[in-house]
2 protein chains.
Amino acid sequence: MTTMKEIAQAAGVSVSSVSLVLNGRDSGRINPQLANRIRETAERMGYQPNVLARSLRTNRTYMIGFISVEVATTPYAGGMIQGAQDALSSLGYMLLTVNGDTEQALESEIRALKRYGVDGFLYSAMSNRVMTVPKSLAKFPLVLVDAAEETNRFPSIEPDEFRIGYDATTRLIEAGCSRIAYVGCAEPMVAQTGRLAGYRQALMDHGRGFDERLQCDVLNNGPALRAVEALFDTEQPNGFFCFNDARAWYVYETAARHGLAVGRDISVVGVDNHRVFAETLEPQLTTIELPHYEMGYWAANKLVSMIENRPLNEGDWPHTTAVMPLLDTPSPVKVHCTLIEKGSVRDTPTTA
Amino acid sequence: MTTMKEIAQAAGVSVSSVSLVLNGRDSGRINPQLANRIRETAERMGYQPNVLARSLRTNRTYMIGFISVEVATTPYAGGMIQGAQDALSSLGYMLLTVNGDTEQALESEIRALKRYGVDGFLYSAMSNRVMTVPKSLAKFPLVLVDAAEETNRFPSIEPDEFRIGYDATTRLIEAGCSRIAYVGCAEPMVAQTGRLAGYRQALMDHGRGFDERLQCDVLNNGPALRAVEALFDTEQPNGFFCFNDARAWYVYETAARHGLAVGRDISVVGVDNHRVFAETLEPQLTTIELPHYEMGYWAANKLVSMIENRPLNEGDWPHTTAVMPLLDTPSPVKVHCTLIEKGSVRDTPTTA
DNA sequence: TTGAAAGCGCTAACAG
DNA sequence: CTGTTAGCGCTTTCAA
């Protein structure tokens with residue numbers, strides 16, 4: 001690795017001049033010709049700054065710690081990390097990922113990240129519940145991803161679950177479904193509450209009442225499948241809003257057993273976690289993708305804006321989510337998710 | 001952050017003594033009493049070493065770069081990363097994750113990692129194909145994860161696809177299936193070739209011929225489902241070895257339509273990518289989990305052993321893979337995957 | 001057995 | 001405009 005010293009020698013100048021020029025602080029301080037010569041020699045010698053040495057001096061490492069819980073077990077965590085990475089990469093930052101599945105691991109990883117001198121933290125809990133921020137993080141720049149904290153002391157971003165439920169249900173109504181069931185989650189998750197509320201509101205807004213017999217909250221187990229079968233038998237819904245792929249699978253399985261074809265006899269809108277169906281059944285299932293990538297991307301941008309003490313560039317949304325056609329629409333449609341940031345609401349822009 | 005200097009002052013000694021003691025190089029060089037006093041003050045003041053400053057001096061950063069392609073889109077990538085993290089964390093290293101989806105991004109991320117002075121690289125291609133290592137990595141400690149390179153110049157680790165096929169098929173034979181179909185992948189992937197070969201060999205070894213009419217290679221699309229339906233109609237298999245969850249889904253869907261119950265009328269062994277079925281259908285599907293976590297774990301250990309120039313501790317396998325019962329076995333069984341390291345073969349130990 | 005001093009590569013006052 | 005100087009926090013000779 002070439003150092004500034006070597007460049008200084010090769011160009012016959014002092015290190016400070018090299019430093020100034022290579023950091024773009026030379027305007028009006030260094031003779032432009034000299035500056036050019038320095039830039040050239042640096043280029044020629046393939047100079048790469050030693051960021052560690054710089055950090056030692058400046059107390060800024062351009063490293064961000066990403067703390068996550070349950071990365072391995074939640075297949076979509078990768079999206080968040082990649083979103084954060086992409087954003088940071090273009091901002092000249094590096095991502096250090098650790099995982100804090102246990103309380104103990106969490107604290108020890110936080111300490112490790114501090115030893116490495118990260119400039120700030122991204123924290124993702126994945127629990128889909130309101131969480132508590134470790135006190136050891138409280139004094140650092142911090143943004144929560146796909147999570148929220150009670151006191152709202154830190155910026156955070158989450159999908160708008162209400163809107164997911166609202167949009168999905170509206171979609172089914174527009175597709176002409178007369179009896180729309182919600183196949184939800186029997187555990188008290190934030191997503192469940194929000195989506196159910198959205199489902200109900202959409203029904204109301206379209207002049208339909210909420211019929212609790214069409215609400216079917218289940219877990220991931222054997223009885224779940226039987227519950228969905230009972231739903232088919234007693235209520236005969238022709239539209240289904242499914243909490244996730246597992247729930248969608250119950251609907252598919254039951255439909256197949258009943259000789260009903262998805263996309264012809266019934267319509268299904270699911271929220272995407274695993275994508276099995278999106279991969280295999282494009283023409284039949286409408287999938288609402290959760291904006292994990294976008295959340296990671298936004299959170300990273302937000303964090304850096306805090307660190308660098310400048311306003312967040314609002315135009316910084318990457319791509320949006322795509323969905324498959326329902327039975328009434330032969331061509332794909334887009335559904336967007338709203339992201340909530342500490343009370344203020346903004347949409348993901350729909351790219352074409 | 002407390003520094004060594006501050007400790008030295010507080011303890012009334014010099015920084016060098018503090019350094020020696022805190023690095024455990026004091027035996028026979030520093031008065032044990034003094035050493036204790038130093039350790040105490042360090043403890044009391046909550047000393048945390050500044051790893052960057054150390055790196056500047058030692059040229060060792062204890063940071064490892066993890067380069068991956070397609071993390072966001074492949075749901076199981078998280079397992080590899082977490083395996084690597086867990087291993088590195090206990091070895092006192094930190095993981096810097098980047099992604100190199102495009103050729104350009106790849107090179108620029110590699111450069112970034114070098115600027116940060118990583119001690120070595122973990123490279124994961126995910127393409128399930130033999131790949132080429134960027135020349136810019138050639139001179140660094142490097143281990144390939146879930147990938148292999150033609151020239152075998154670098155240690156690498158992959159699942160033993162042959163064995164997956166062999167074990168899955170044997171499992172179905174033992175379950176009493178008389179006609180075992182392979183629902184595979186129509187693309188020329190390493191996994192496809194190996195698993196098919198294993199499937200055929202298992203049939204041979206159990207005195208059964210290979211019947212190509214029972215081989216059904218499909219893509220992820222509409223025709224795939226029809227192909228599987230045709231397989232059911234013309235061949236009436238009662239055992240299915242499925243390349244992945246998507247293929248398993250075709251089998252489930254078709255079975256449901258035909259009124260056949262998985263676990264009663266037919267048996268299915270699938271290789272796990274998404275886990276939808278494992279989550280929802282425990283009693284019915286046998287899942288072979290790909291050892292992504294283990295590969296990440298092993299690769300990280302291997303890399304560090306290279307960096308630290310010491311032999312790899314062979315006992316270092318974390319957990320192994322679990323599978324669900326088939327129709328003939330009421331209790332769970334374990335299936336292990338073999339990992340291949342540059343020609344030499346070793347098994348993942350089965351933890352009880 | 002301990003401490004002084006040099007230096008890793010870089011930045012930033014300050015002098016000239 | 002340019003160079004000298006003094007560190008950032010730590011390791012590591014080398015003297016004492």
Side-chain angles (χ1 to χ4, degrees), chain A residues 1-39 41-42 45-63 92 94 111-112 114-119, chain B residues 1-39 41-42 45-63 92 94 111-112 114-119:
Chain A
M1 290 272 106
T2 3
T3 70
M4 279 195 175
K5 198 178 180 183
E6 295 170 333
I7 295 177
Q9 282 166 346
V13 295
S14 80
V15 230
S16 17
S17 304
V18 177
S19 175
L20 283 177
V21 170
L22 262 30
N23 286 316
R25 307 176 170 290
D26 59 316
S27 69
R29 315 231 253 139
I30 303 276
N31 181 321
Q33 288 202 331
L34 220 200
N36 272 333
R37 195 164 87 232
I38 291 175
R39 265 185 284 268
T41 31
M45 300 177 70
Y47 174 73
Q48 295 281 90
N50 181 327
V51 295
L52 267 49
R54 170 194 290 146
S55 299
L56 194 57
R57 202 54 242 256
T58 59
N59 262 327
R60 296 268 289 97
T61 58
Y62 291 88
M63 301 196 294
M94 196 79 226
R111 241 175 295 130
K114 285 184 181 172
R115 279 198 301 272
Y116 281 86
V118 293
D119 292 334
Chain B
M1 289 272 105
T2 0
T3 70
M4 279 194 175
K5 199 178 179 181
E6 295 171 333
I7 295 178
Q9 281 166 348
V13 295
S14 78
V15 232
S16 12
S17 303
V18 178
S19 176
L20 283 178
V21 170
L22 262 29
N23 286 315
R25 308 176 170 289
D26 58 315
S27 69
R29 318 230 253 139
I30 302 277
N31 182 321
Q33 288 203 334
L34 220 202
N36 272 333
R37 195 166 85 233
I38 291 175
R39 266 185 285 268
T41 31
M45 301 176 72
Y47 173 72
Q48 294 282 91
N50 180 328
V51 294
L52 267 48
R54 170 194 291 149
S55 300
L56 194 57
R57 205 49 242 260
T58 59
N59 263 325
R60 297 266 289 100
T61 58
Y62 291 88
M63 301 196 295
M94 195 81 223
R111 241 175 295 128
K114 285 183 181 173
R115 279 199 300 273
Y116 280 86
V118 294
D119 293 334

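Quick note on labels: first sequence line is chain A, next is B, and so on, each numbered from 1. On a predicted model such as this, the values are computed, not experimentally measured, just so you know.
Here the P atom of nucleotide D:dT12 and the CG atom of B:N23 are 8 Å apart, to the nearest Å. Distance B:R54 CZ to D:dT11 P: 5 Å, rounded to the nearest Å. Atom-to-atom, CG of B:N59 to C1' of D:dG9 comes out at 16 Å; the value is rounded to the nearest Å. Rounded to whole angstrom, the span from the CG atom of A:L56 across to the P atom of D:dT11 amounts to 12 Å. Regarding B:L20, its CG atom lies at a distance of 9 Å from the P atom of D:dT11, rounded to whole Å. The OH atom of B:Y47 sits 6 Å away from the P atom of D:dT11 (whole-angstrom rounding). Following rounding to the nearest Å, B:Q9 (CD) and D:dG9 (P) show an atom-to-atom distance of 12 Å. Whole-Å rounding puts the A:Q33 CD to D:dC1 C1' distance at 13 Å.
For B:S19 (side chain) and B:V15 (main-chain N/O), no donor-acceptor pair under 3.5 Å exists by modelled atom type.
When heavy atoms are screened at a 4.0 angstrom cut-off, B:S19 is found touching base atoms of the nucleic acid. Nucleic acid contact class of B:L34 (heavy atoms, under 4.0 Å, all strands): sugar-phosphate only. Within 4.0 Å (heavy atoms only), A:R29 reaches at least one base atom of the nucleic acid. At a threshold of 4.0 angstrom between heavy atoms, the contacts of A:S16 include nucleobase atoms, whether or not backbone atoms are also involved.
The line from OG of A:S17 to CE of A:M4 is 10.5 Å long, rounded to the nearest 0.5 Å. Distance check, rounded to the nearest 0.5 Å: CD1 of B:I30 to CZ of B:R37 gives 11.0 Å. In this structure, B:L56 CG and B:N50 CG are separated by 9.5 Å, a value rounded to the nearest 0.5 Å.
Heavy-atom contacts of chain B under 4.0 Å fall on DNA chain C between two terminal nucleotides, which in 5' to 3' order are C:dT1 to C:dG9.
Both B:A53 and B:S17 lie near DNA chain C, and the one whose nearest nucleotide falls closer to the 5' end is B:S17.
Phosphate contact (OP1/OP2 of D:dT11, side-chain N/O of B:T58, threshold under 4.0 Å): absent.
The closest side-chain heavy-atom distance from A:M45 to A:E6 is below 4.5 Å. Contact annotation: the side chain of A:V51 never approaches that of A:Y62 to less than 4.5 Å [non-hydrogen atoms, C-beta and beyond].
Residue-to-nucleotide contacts include a donor-acceptor pair under 3.5 Å from the side chain of A:R57 to the base of D:dG7.
A side-chain contact (heavy atoms from CB on, under 4.5 Å) with B:V13 is found for one member of B:T41, B:N31, B:V21, B:L34 and no other, namely B:L34.
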